[in-house]
Amino acid sequence: MTREGTKAAAEAVLRELPSVIGAFVREDVHGHPREVHLLVRSGPNPRHLAYDVRELLEERLGIPVDQRVISIAQLADGREPGKLLAERHAGAPPEPEPAPEAEPAAEVVSEPRIRFAGITTEAVDNRVRVRVSLELENDARVGDVIGLDTGPARLRAVASAALQAVNATCVGRARFEVEHTTVVRAFDREYVIVNVQASSPYLGRRPIALVGAQPVELDTESATALATLKAVNRTLSLVLRLPGSGGGRPVRS
């Protein structure tokens, strides 16, 4: 059998397989297949099909085949086969189908995210006045709280001032209140942990417990403000995105 006859016979045998749409075989100088390309329908396991292809060629045509030279491309479910160059021109591999046109990229909508802008503290007569400045896009908000000038009370005043500014950005949509603030030591560092209760008609009837943590880098006051924002930012972004100024209904549980 000549090399041309082996190639043609091998491709004809492979096209007899029910799942094969098109086949192309390229031979080496000895007339043995050095490339076997198959395009198949969805369904069969490509690895198992490669075993069947090797056994079929060796049994029907007496052609030794290294399974590593068998390449199988499988159509996805529901896809119709395109035209194959192997069926139109002998001696060439299947023509790849044209890539689908890219769909226009969807517009990316950024989440509303409130950011920490600064903090000032003023201690007078065993009391401390805390002002926390926040920014939401181009809108600036300031929370102003007076509390006792003790360690735990100062941290609570910072968290309360931060949440006062947060609440000013989402009037009618949600309300956030401080439940606990504490400083813990872990991994040779100090962390401020703030626990917040969130209430919103969009999130159900029961308050939701939120927690934020921030390592102390500059001072505990700044860390407390940042931990407070970490506790509420994701929920705040959610309620700000929900339709409150046009369409939509609150979620009732």
Side-chain angles (χ1 to χ4, degrees), residues 108-245 250-251:
V108 178
V109 179
S110 60
E111 290 189 353
R113 206 76 169 172
I114 200 164
R115 302 184 184 280
F116 177 58
I119 182 172
T120 62
T121 60
E122 181 183 356
V124 178
D125 296 332
N126 296 325
R127 300 186 72 81
V128 63
R129 183 175 187 178
V130 180
R131 294 186 181 91
V132 175
S133 301
L134 305 178
E135 294 179 353
L136 178 62
E137 296 178 348
N138 296 324
D139 190 16
R141 299 287 182 176
V142 177
D144 192 335
V145 170
I146 297 176
L148 293 175
D149 192 13
T150 64
R154 178 184 281 255
L155 296 186
R156 187 177 184 87
V158 172
S160 297
L163 292 181
Q164 187 183 95
V166 168
N167 288 330
T169 68
C170 55
V171 176
R173 299 191 181 195
R175 180 168 181 79
F176 302 91
E177 297 181 356
V178 182
E179 188 171 15
H180 298 294
T181 61
T182 187
V183 178
V184 299
R185 187 166 186 84
F187 308 109
D188 297 325
R189 300 188 68 178
E190 288 188 334
Y191 292 80
V192 176
I193 298 177
V194 178
N195 183 269
V196 176
Q197 289 289 324
S199 303
S200 171
Y202 294 93
L203 303 177
R205 292 193 178 101
R206 296 182 179 180
I208 300 173
L210 307 173
V211 179
Q214 172 68 26
V216 178
E217 297 174 346
L218 298 176
D219 52 69
T220 54
E221 289 82 3
S222 298
T224 301
L226 290 169
T228 304
L229 295 186
K230 286 185 175 180
V232 305
N233 237 335
R234 180 168 296 181
T235 302
L236 177 64
S237 296
L238 173 62
V239 298
L240 290 179
R241 290 199 315 271
L242 289 172
S245 56
V251 177

Applying side-chain contact (heavy atoms from CB on, under 4.5 Å) to Phe176 and Leu236, what does each step give before you reach the verdict? CA-CA 9 Å; Phe176 302 91; Leu236 177 64; 4.1 Å; yes

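- Under the side chain to side chain donor-acceptor pair (under 3.5 Å) criterion, no residue pair touches residues 181-196, with sequence neighbours excluded.
- When atom types are taken as modelled, the side chain of Arg156 and the backbone of Glu179 share a donor-acceptor pair closer than 3.5 angstrom.
- The shortest heavy-atom contact between Ala223 and Pro215 is CB-O, 3.9 Å.
- Distance check: Ser160 OG to Ile146 CD1 gives 12.5 Å after rounding to the nearest 0.5 Å.
- Taken from CZ in Phe116 to CD in Gln214, the straight-line distance is 10.0 Å, to the nearest 0.5 Å.
- The side chain to side chain contact (heavy atoms under 4.5 Å, CB included) test with Thr228 is passed by exactly one of Leu155, Leu210, Val194, Leu134: Val194.
- To the nearest 0.5 Å, atoms OG (Ser133) and CZ (Arg115) are separated by 15.5 Å.
- A distance-only check finds no donor-acceptor pair linking the side chain of Ser222 to the backbone of Leu218 [under 3.5 Å].
- The shortest non-hydrogen separation linking Arg154 to Ala123 is NH2-CB, 4.2 Å.
- Counting only residues at least two apart or on different chains, the salt bridge (charged side-chain N to carboxylate O under 4.0 Å, His left out) pairs with a member in residues 118-132 are Arg129-Asp144, Arg131-Asp144.
- Between Thr224 and the options Val178, Val158, Val130, Val216, a side chain to side chain contact (heavy atoms under 4.5 Å, CB included) holds for only Val158.
- Considering every non-hydrogen atom in both Val211 and Ile193, the closest pair reads CG1-CG2, 3.8 Å.
- Glu177 and Gln197 share no side-chain donor-acceptor pair at under 3.5 Å.
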Please report the C-alpha distance between Leu163 and Val196 in whole Å, then the side-chain angles of each, then the deciding distance to 0.1 Å, and finally whether the side-chain contact (heavy atoms from CB on, under 4.5 Å) criterion is met.
CA-CA 9 Å; Leu163 292 181; Val196 176; 4.0 Å; yes

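- Judged purely by atom type and a 3.5 angstrom limit, Arg175 has no side-chain atom pairing as donor or acceptor with the backbone of Ser200.
- The CG atom of Asn126 sits 8.5 Å away from atom CG of Leu148, with the distance rounded to the nearest 0.5 Å.
- Other residues, nucleotides and ligands contribute more than 12 heavy atoms inside 6.0 Å of the CG atom of Asp219.
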Review point. Hey, mind stepping through Val166 and Leu229 against side-chain contact (heavy atoms from CB on, under 4.5 Å) and telling me if it holds?
Key: CA-CA 9 Å; Val166 168; Leu229 295 186; 4.0 Å; yes

